[in-house]
Number of protein chains: 2
Amino acid sequence: MGIKERKLKHKEDLKQSILDAAKKLFIKEGYQATSIRKIAAEIEFSPTTIYLYYKDKAAISHALHQEGFKLLASQFSILAHIDHPFERLKAMGRVYMQFALENNDFYELMFNREEPLDCVDEHWEEGEQAFRILLMVVQGCQQAGYFTQFNAESFAMFIWSTMHGLCTLKIKGHLDQVVKRKMVMQDIDDAFTHTFETFIATLEKLK
Amino acid sequence: MGIKERKLKHKEDLKQSILDAAKKLFIKEGYQATSIRKIAAEIEFSPTTIYLYYKDKAAISHALHQEGFKLLASQFSILAHIDHPFERLKAMGRVYMQFALENNDFYELMFNREEPLDCVDEHWEEGEQAFRILLMVVQGCQQAGYFTQFNAESFAMFIWSTMHGLCTLKIKGHLDQVVKRKMVMQDIDDAFTHTFETFIATLEKLK
DNA sequence: CAAATATACTTTACAGTGTTAAGTTTCCAA
DNA sequence: TTGGAAACTTAACACTGTAAAGTATATTTG
């Protein structure tokens with residue numbers, strides 16, 4: 001049944017090109033501006049054809065959301081080359097920050113939107129896996145004498161909170177709004193990295 | 001010219017009732033579901049009347065956003081009764097968390113949406129004022145011997161990041177998603193407060 | 001091979017959105 | 001009484017996501 005397979009292949013192709021078109025629009029114009037109709041126009045199909053391949057817009061969001069996690073995971077892969085656990089943790093933070101800033105639409109979709117999670121039935125595999133990596137790095141640090149008095153899970157949660165908060169404040173422009181005014185940090189040009197360094201310094205003191 | 005004043009009063013009244021209606025809908029159904037048309041129906045005027053009092057929807061968002069900051073500021077007022085600086089910082093964190101969870105739509109509008117900030121011309125007074133309070137509390141802590149080796153502004157920024165990250169992760173459901181699974185923190189029923197406690201514990205070590 | 005059926009896609013339509021321009025009513029001042 | 005301004009509405013535009021119904025084309029079956 002070679003024909004049936006080719007058909008299926010073709011169907012998969014179209015599903016993929018819908019996603020590619022969505023991704024393209026999404027990266028260029030952001031989530032709000034990425035409408036079903038524009039995606040359809042991009043691939044030169046009628047808008048309703050999209051619904052033959054994706055349940056609704058949230059399903060497309062979810063697919064993009066997963067693409068984002070793949071991308072993040074690939075960025076994290078460089079961490080394997082760093083031996084010292086605490087150095088690895090620092091590098092992980094920097095990779096996370098860079099990812100958030102360079103792909104802020106993806107970041108938004110991955111962590112700040114609820115639509116994609118509506119498609120996730122009680123199980124958010126991508127998020128868990130990313131958290132698991134952080135948890136392992138934290139546990140590595142603990143074996144090297146860091147954060148020994150803390151529960152690994154909640155310490156990882158704390159680290160994630162700080163990094164997530166910092167990145168979202170930066171992306172939404174709140175960081176610069178508060179900081180670039182004369183009132184605070186007159187002397188600091190980059191509040192973002194400086195706040196990160198402060199965070200790292202506090203962690204360093206917990207050896 | 002008593003008549004003209006009454007007119008002006010009446011205009012202000014309508015502007016206020018638009019805001020009240022928006023607030024009511026917004027609290028009950030969230031930002032997305034609060035449309036100009038629904039606000040208009042609520043006050044029994046035609047949709048376009050709204051535009052005689054507010055430039056566009058972002059202007060209404062901005063007004064609500066300011067209401068949110070008023071509310072937060074009123075919650076912060078209880079901090080004045082707490083003498084010990086570090087206790088005040090802890091209480092501030094708890095008030096912030098409670099505000100975020102109890103008014104998560106407001107919180108979203110205040111810190112996670114960009115629309116309201118579009119109305120703010122290069123100056124985000126509300127945000128700055130809130131940050132100034134945090135900064136003062138941090139400086140108070142420093143005078144009591146905490147965080148002395150750190151720059152107050154960036155330390156305040158770090159604290160805000162952590163609190164903001166924790167609250168948004170909680171609100172968006174990511175915290176529970178990652179934590180309530182068996183894989184981590186089997187024994188912890190409330191990951192949110194536990195992570196906060198971990199954060200406070202790290203701060204405590206920086207005396 | 002012809003008829004029935006399934007597949008893939010489109011057209012049309014609904015109910016909603018923010019927003020603008022033009023039209024209408026109301027009310028006050030000259 | 002009349003002119004005009006102020007307050008409000010109607011109608012319309014250009015969008016949005018999505019469902020139902022219609023139409024070709026291709027495949028299977030009698």
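Quick note on labels: first sequence line is chain A, next is B, and so on, each numbered from 1. This is a predicted model, so every value here is computed, not measured.
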For the pair E197(A) and R94(A), evaluate salt bridge (charged side-chain N to carboxylate O under 4.0 Å, His left out) and give the outcome as yes or no after the intermediate values.
CA-CA 10 Å; E197(A) 296 305 330; R94(A) 271 187 255 273; 3.3 Å; yes
According to the interplanar angle, ranging from 0 to 90°, do the rings of Y31(B) and F26(B) count as parallel (below 30°), tilted (30 to 60°) or perpendicular (above 60°)?
perpendicular
Provide, to the nearest angstrom, the distance between the [atom1] atom belonging to [X] and the [atom2] atom belonging to [N].
X      : N       : atom1 : atom2 : answer
Y51(A) : dT12(C) : OH    : P     : 18 Å
I36(A) : dA19(D) : CD1   : P     : 11 Å
I50(A) : dA8(C)  : CD1   : P     : 15 Å
I60(A) : dT18(D) : CD1   : C1'   : 12 Å
Y54(B) : dT20(C) : OH    : P     : 17 Å
Y31(B) : dT17(C) : OH    : C1'   : 12 Å
E29(A) : dC15(D) : CD    : C1'   : 14 Å
I39(B) : dT17(C) : CD1   : P     : 10 Å

OP1 or OP2 of dT17(C) under 4.0 Å from side-chain N/O of S35(B)
yes
If you compare every side-chain N and O of Y53(B) against the phosphate oxygens of dC8(D) (OP1, OP2), does one of them come in below 4.0 Å?
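True: Y53(B) side-chain N/O within range (under 4.0 Å) of dC8(D) OP1/OP2.
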Tell me, with the steps shown, if R132(A) and E128(A) meet salt bridge (charged side-chain N to carboxylate O under 4.0 Å, His left out).
CA-CA 6 Å; R132(A) 225 176 284 132; E128(A) 273 178 36; 3.7 Å; yes
Just checking F45(A): base, sugar-phosphate only, or nothing, at a heavy-atom cut-off of under 4.0 Å?
sugar-phosphate
Scan K38(A) against the nucleic acid and name what it touches under 4.0 Å (heavy atoms): base, sugar-phosphate only, or nothing.
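Result for K38(A) = sugar-phosphate.
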So, for F69(B) and F99(B), is the gap between ring centers shorter than 6.0 Å?
no
Quick check: Y107(A) with F111(A) (ring centres under 6.0 Å apart)?
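So the answer is yes for these two rings.
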Do N104(B) and E108(B) have side-chain atoms, one donor and one acceptor, less than 3.5 Å apart?
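No - no donor-acceptor pair under 3.5 Å links their side chains.
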N-O pairing of R88(B) and D83(B) below 4.0 Å
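Salt bridge: no.
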Ignoring hydrogens and angles, does a donor from either the side chain of [X] or the base of [N] sit under 3.5 Å from an acceptor on the other?
X      : N       : value
R37(B) : dG18(C) : yes
T49(A) : dT10(C) : no
T48(A) : dT11(C) : yes

Most 5' of A58(A) and P47(B) on DNA chain D, judged by nearest nucleotide
P47(B)
For the helix from dC1(C)-dG30(D) to dA30(C)-dT1(D), what angle separates the axis at the start from the axis at the finish, each from five pairs, in steps of 10°?
30°
Nearest to the side chain of L52(B), which nucleotide is it out of dG17(D), dT10(C), dC8(D)?
dC8(D)
